[in-house]
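Note sheet for the following structure.
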Amino acid sequence: MTMVQQELRQQIDDLSSMIEAQRLVLSGLMNQRCQVQRQLNSVLDPMALLPLELQSKIFLHCLYHAGEGRIEGTPDPHLAPMLLLRVCQLWRDIALSTPELWNYLTMHWSSPPSGANDSDSRFFRMWLKRSQSFPLTLEWEGSSVFANGTQDLIDECGGRVETLTLLLNSIPPSGSHILRAAAPFPSLRKLTINCSAGRFEIRDWMPILKTSPILTHVTFLGSFLGPEIDTDSTAAFTLPALREFHFSPNASHPRVVNATRILKYITLPALEILHIRCHLNLVNGSEDLLAFLTRSSPPLRSLFFELDSLYWPSDSKDSLKYLRMVPNLTELSLGAKDTISVLKMLTRASDFLPNIRHLTLNPMSFLQPEDYEIIVRMLDARPLKSFRLNMMDPSAALRNATLSRDPAPSEHMIRELRRIRDSGISVYVGAGERIFV
């Protein structure tokens, strides 16, 4: 190599070094400019002038409200809290330093049990880590809760879960549980299980109930209940803090079977609200309720008991037994074959449900003219705030073919009911689209 070539190569190396040095200087200057720009943005941004606590509260109001007071923590990048991470560094810092933004999580998993992937589990773990030690509200929606990694994830955070909603649309494996019994929920207060398809029996949710000692609210929607629990231990267990229990059909699963059977296996000494709506009860539902009330002695204030049972007692004394055990009731909604006996007792016995203020009747038989007279006498005797009578509505063809008279109230009874309504009591009497008062 000649001397000239060596000198030229050396010049190239020197120039390359100088260029690299200038690049470092330029990079440093650009970083400085970004920092100064962020400082200027902070000065100009009204959010920067607010205390961190107020900034966090504003961000909390950005969470997606899914109706009925429910907040959904969604991974959607176009909704909070994920959207807040993408606005600017300041907002990202605020969002990540506000754990309350991350203690609501909705998990959607439509794949079969073997189809959940590790990236989903990592994402949910990252989300839950941001919630720090705050109580959790979890909503699970999917074909099964047995997906890979899901059970482990619930095991890890189960101690912090205060509200759990399971939206399930498939049948669990035979002999398995929705969640294994080894996953306790010591902090769980509100549980909702909504089954849109499949056949879920009592034993499927017993592990959750038994490992949640401070539950206050339980709602089962659209679920099938088998007649008995297939277990060695059929003794009722106690949930000492449970105040509200709801069991109703949903749009996807309108026929709930044997709903009252679950009352055989639980004792609820603090229960204030009990709502059970069952379209077909193949067991003695009033007997189940009577045994439950005898065992629990709850301070029940609201009872919604709508039962189409083949075993509803024909003796009015039997049908009134369980109502005598809840004298503190202020709200009663009753759907049964024998509701007139309740009206008669309310009319003649002032010590029967003395605190009742809101009464709804859904009779499962057609009313007779004398039944409306009993209703008027009861409304005159009792200081109700509201009365609702949802009558059976036969079709015109059925009325003409099989009934000797239209079961609607007479004009005189309608005037009497309107008189009572005008006195200040909210009164509704109707049958489907036929509204009389």
Side-chain angles (χ1 to χ4, degrees), residues 22-111 115-142 147 149-150 152-154 156-167 187 189-190 192:
Q22 293 301 319
R23 284 178 178 171
L24 294 175
V25 172
L26 179 61
S27 177
L29 291 173
M30 292 180 67
N31 289 335
Q32 291 181 32
R33 187 182 69 174
C34 289
Q35 294 176 7
V36 174
Q37 184 66 54
R38 283 198 293 268
Q39 293 175 4
L40 177 60
N41 293 342
S42 299
V43 172
L44 298 177
D45 187 356
M47 286 286 290
L49 303 178
L50 299 176
L52 179 59
E53 294 79 5
L54 188 54
Q55 294 172 348
S56 297
K57 288 184 178 180
I58 293 174
F59 277 16
L60 289 174
H61 285 282
C62 297
L63 290 173
Y64 172 60
H65 288 258
E68 300 182 353
R70 185 171 62 87
I71 297 177
E72 179 177 333
T74 172
D76 191 332
H78 303 291
L79 296 174
M82 296 297 292
L83 178 62
L84 301 174
L85 301 179
R86 303 165 53 207
V87 176
C88 65
Q89 186 63 43
L90 174 63
W91 284 33
R92 180 180 179 86
D93 293 341
I94 297 172
L96 293 177
S97 62
T98 306
E100 298 97 319
L101 283 172
W102 307 95
N103 64 341
Y104 299 90
L105 176 58
T106 299
M107 296 183 286
H108 301 273
W109 236 320
S110 58
S111 56
N117 55 59
D118 292 337
S119 62
D120 291 332
S121 297
R122 286 196 299 269
F123 176 82
F124 292 139
R125 280 189 171 85
M126 175 196 67
W127 187 293
L128 296 173
K129 183 178 180 181
R130 291 172 179 172
S131 68
Q132 299 180 18
S133 60
F134 274 72
L136 296 174
T137 294
L138 296 185
E139 180 175 296
W140 167 267
E141 181 177 358
T150 307
D152 292 337
L153 183 66
I154 294 177
E156 293 174 12
C157 66
R160 292 196 287 133
V161 177
E162 283 195 352
T163 301
L164 177 63
T165 301
L166 302 178
L167 307 176
S187 302
R189 295 184 180 276
K190 186 174 183 180
T192 300

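- In plain terms, the two heavy atoms of I94 and T98 that are nearest each other are O-OG1, 2.7 Å.
- Looking at W127, its side chain never comes within 3.5 Å of a backbone N or O of L105 through a donor-acceptor pair.
- Using modelled atom types, one side-chain atom of N103 and one backbone atom of P135 make a donor-acceptor pair closer than 3.5 Å.
- Around atom CE of M30, no more than 12 heavy atoms belonging to other residues, nucleotides or ligands sit under 6.0 Å away.
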If you apply the rule side-chain contact (heavy atoms from CB on, under 4.5 Å), what do you find for H78 with L83, and how did you get there? CA-CA 5 Å; H78 303 291; L83 178 62; 5.6 Å; no
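- With a 4.5 Å cut-off on side-chain heavy atoms, S187 and V161 do not count as touching.
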Could you walk me through whether C157 and L138 pass side-chain contact (heavy atoms from CB on, under 4.5 Å), step by step? CA-CA 10 Å; C157 66; L138 296 185; 3.8 Å; yes
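- Note that CG of L128 is 10.0 Å distant from CZ of F123, once rounded to the nearest 0.5 Å.
- Put simply, the side chain of P81 does not reach to within 4.5 Å of the side chain of F59, judged on heavy atoms.
- Donor-acceptor pairing under 3.5 Å is recorded for the side chains of D93 and Q89.
- The CD atom of Q22 sits 12.5 Å away from the OG atom of S27 when rounded to the nearest 0.5 Å.
- One finds the CD atom of E162 at 11.5 Å from the CZ atom of F134 (value rounded to the nearest 0.5 Å).
- For the pair L63 and Y104, the minimum side-chain heavy-atom distance is below 4.5 Å.
- In this structure, the separation between NE2 on H61 and OG on S56 is 11.5 Å, given to the nearest 0.5 Å.
- Nearest approach of L84 to A95, heavy atoms of both residues: CB-CB, 4.2 Å.
- With sequence neighbours excluded, no residue forms a side-chain hydrogen bond (donor to acceptor under 3.5 Å, both in side chains) with T192.
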From CA spacing to verdict: side-chain contact (heavy atoms from CB on, under 4.5 Å), L96, L85: CA-CA 8 Å; L96 293 177; L85 301 179; 3.9 Å; yes
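- With hydrogens and angles disregarded, no donor-acceptor distance shorter than 3.5 Å links the side chain of R92 to the backbone of R86.
- In terms of heavy-atom proximity, A80 sits nearest to C62 at CB-O, 3.3 Å.
- Note that CD of Q132 is 9.0 Å distant from CZ of R160, once rounded to the nearest 0.5 Å.
- L60 places a side-chain heavy atom less than 4.5 Å from the side chain of E100.
- The salt bridge (charged side-chain N to carboxylate O under 4.0 Å, His left out) analysis of residues 46-64, with sequence neighbours excluded, yields no pairs.
- Using a 4.5 Å cut-off on side-chain heavy atoms (C-beta onward), T106 and T165 make no contact.
- Remark: R130 pairs with no residue by the side-chain hydrogen bond (donor to acceptor under 3.5 Å, both in side chains) rule, at least two apart or across chains.
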